[in-house]
Amino acid sequence: MFTIVKIFVSAIIIAVITEISRRYPVQGGIIAALPIVSVLSILWLYIQGEHMEKLSKFALGVVWGIPATVVMLVIIGVALKNSIHLFVSLGLGMGGWLIFLLAQDFVVKHFVS
């Protein structure tokens, strides 16, 4: 039952953001950039009884993904601005995200540690 509540609440939030974005694209983008998914995930994990250490690791994991996400969004934005088809733009963005994340992991493992 709780899973259904999580899906329902999360879907409503996404639907509201999408509707705001239809009318006000810039403001919708700013709202979508809010860490809504991260906060909801932390909230759901907390409600389900996860320990603070796991919540902390999750939050730090989200931070680890931010640079790659920025790269993905820049690629998608530039591709769409240059009239590249939506699905191709998304594919390029997700490919860039994966490559950046792997490169970031490689650099940290081999040069930082």
Using the rule that two of Ile, Leu, Val, Met, Phe, Trp, Tyr join whenever any of their side-chain heavy atoms come within less than 4.5 Å, decide whether Met94 and Leu101 are in one cluster. yes
A side-chain contact here means heavy atoms from C-beta on lying under 4.5 Å apart; do Leu90 and Ile76 qualify? yes
So NZ of Lys54 and CD1 of Ile42: to nearest 0.5 Å the spacing works out to 13.5 Å
Same cluster or not: Leu92 versus Leu86, using hydrophobic residues (I, L, V, M, F, W, Y) connected whenever any side-chain heavy atoms lie under 4.5 Å apart? no
Same hydrophobic cluster for Ile99 and Leu102, using side-chain heavy-atom links shorter than 4.5 Å among ILVMFWY? no
Which salt bridge (charged side-chain N to carboxylate O under 4.0 Å, His left out) pairs, counting each pair once, include a residue from residues 63-76, with sequence neighbours left out? none
Could you give all pairs that pass the ring-ring contact (aromatic ring centres under 6.0 Å, His included) test and reach residues 61-94, with sequence neighbours left out? His85-Phe87
Verify the cluster assignment for Leu40 and Val63: are they in a single hydrophobic cluster under the rule of side-chain heavy atoms below 4.5 Å apart? no
On a heavy-atom basis, the closest approach of Val88 and Ile84 is CG1-CG2, 3.5 Å
Following the transitive rule for hydrophobic clusters with a side-chain heavy-atom cut-off under 4.5 Å over Ile, Leu, Val, Met, Phe, Trp and Tyr, establish whether Phe8 and Ile13 coincide in one cluster. yes
Please tell me if the side chains of Ile75 and Met72 come closer than 4.5 Å, counting only heavy atoms from C-beta onward. no
Phe100 side chain near Gln104 side chain, heavy-atom distance below 4.5 Å: yes
Does the side chain of Val71 come within less than 4.5 Å of Trp97's, by heavy atoms? no
State whether the number of non-hydrogen atoms from other residues, nucleotides or ligands found under 6.0 Å of Gln48 atom CD is greater than 12. yes
Using atom types as modelled, flag every donor-acceptor pair under 3.5 Å from a side chain in residues 15-36 to any protein atom, sequence neighbours excluded.
{"residue": "Thr18", "atom": "OG1", "partner": "Ile14", "partner atom": "O", "Å": "2.8"}
{"residue": "Glu19", "atom": "OE1", "partner": "Arg22", "partner atom": "NH1", "Å": "3.1"}
{"residue": "Glu19", "atom": "OE1", "partner": "Arg23", "partner atom": "NH1", "Å": "3.3"}
{"residue": "Glu19", "atom": "OE2", "partner": "Arg22", "partner atom": "NH1", "Å": "3.4"}
{"residue": "Ser21", "atom": "OG", "partner": "Ile17", "partner atom": "O", "Å": "2.8"}
{"residue": "Arg23", "atom": "NH1", "partner": "Glu19", "partner atom": "O", "Å": "3.1"}

Gap separating the OG atom of Ser41 from the NZ atom of Lys6, nearest 0.5 angstrom: 8.5 Å
